[in-house]
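Data first, discussion second: the structure below is written as structure tokens.
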Protein chains: 2
Amino acid sequence: MDVRRLVGENVRRYRLAAGLTQEQVAERMGVDRAYVSSLEAGTRNPTVITLWHAAQALGVEVHLLLRASGGTG
Amino acid sequence: MDVRRLVGENVRRYRLAAGLTQEQVAERMGVDRAYVSSLEAGTRNPTVITLWHAAQALGVEVHLLLRASGGTG
DNA sequence: ATGTGACTAGTAGTCCGTA
DNA sequence: ATACGGACTACTAGTCACA
């Protein structure tokens, strides 16, 4: 179980569903574009505050970014 | 909106619901008791990996630690 | 059995350039 | 518009002593 990968997959899914580019998400989050890229790649271990900013940028509730994709949702 | 506080409240809620002490949660997480204390106090900004360890220690799914207590499901 | 501040080592997140 | 790497600064992880 790798939460970093889980977060990355969720960010990408919600971003594409919202029709946004990484650049747009980065601007909304107030972070660098390269950061969003590595976040989606699952190579980052973001803090909960960063995760919250991502959720805001994507227009979803923060806990959704930690839900398993194929989970019993 | 302060996610740190949200995490702290949730950790405390689930810990008490499980009938565990901070000391026991700390041991399960593999961290110091003081860390759990500050986590519950909402003064920490944990990474998602730390959050995942906390969820494991409490026997809950990690996304539950980011759910608003009185939230609209 | 808990809360807080100081502390050392590690890393989150930035900025720049390339493909 | 996206992926990756390197050097950099600010902050978090995790611990200890004291109350």
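The chains referred to below are lettered A, B, ... by the order of the sequence lines, with proteins before strands, and numbering in each begins at 1.
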Do A/L16 and A/Y35 land in one hydrophobic cluster if side-chain heavy atoms of ILVMFWY residues count as linked below 4.5 Å?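 Different clusters: A/L16 never reaches A/Y35 through Ile, Leu, Val, Met, Phe, Trp or Tyr contacts under 4.5 Å.
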Flag the pair B/R15 and B/E40 as a salt bridge only when some basic side-chain nitrogen lies within less than 4.0 angstrom of an acidic carboxylate oxygen.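 Salt bridge: yes.
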So if I take the C1' atoms of five pairs at each end of the helix from C/dT2-D/dA19 to C/dA19-D/dT2 and get each local axis, what angle do the two axes make, rounded to 10 degrees?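 One end axis against the other gives 40°.
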Any chance CD of A/E9 has more than 12 other-residue heavy atoms, nucleotides or ligands included, within less than 6.0 Å?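 Atom CD in A/E9 is crowded, with more than 12 foreign heavy atoms closer than 6.0 Å.
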Do other residues, nucleotides or ligands put more than 12 heavy atoms under 6.0 Å from the CZ atom of B/R13?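 Yes, enclosed.
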Do you know the tightest heavy-atom contact between A/P46 and A/V7?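 Scanning both residues, the minimum pair turns out to be CG-CG1, 4.4 Å.
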Check for a donor-acceptor pair, side chain of B/S37 on one end and backbone N or O of B/R33 on the other, with a separation under 3.5 Å.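 Answer holds: no.
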For A/N10 and A/R67, indicate whether the former's side chain and the latter's backbone hold a donor-acceptor pair under 3.5 Å.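 Yes, the answer is positive, given that a donor and an acceptor are paired below the 3.5 Å cut-off.
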With nearest nucleotide decided by heavy atoms, which residue, A/T43 or B/Q24, maps closer to the 5′ end of DNA chain C?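 Here B/Q24 is the residue nearer the 5' end.
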When you compare the side chain of [Y] with that of [X], does any pair of heavy atoms fall below 4.5 Å?
X: A/L39; Y: A/R12; answer: no
X: B/L66; Y: B/L51; answer: yes
X: B/V36; Y: B/M29; answer: yes

Protein heavy-atom contacts under 4.0 Å, written 5' to 3' over nucleotides 3-19 of chain D as B (base), S (sugar-phosphate only) or - (none), form the string B--------SBBBB---
First and last nucleotide of DNA chain C in contact with chain A, 5' to 3', at under 4.0 Å to a heavy atom: what are they?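 Listing 5' to 3', DNA chain C meets chain A from C/dA12 to C/dC15.
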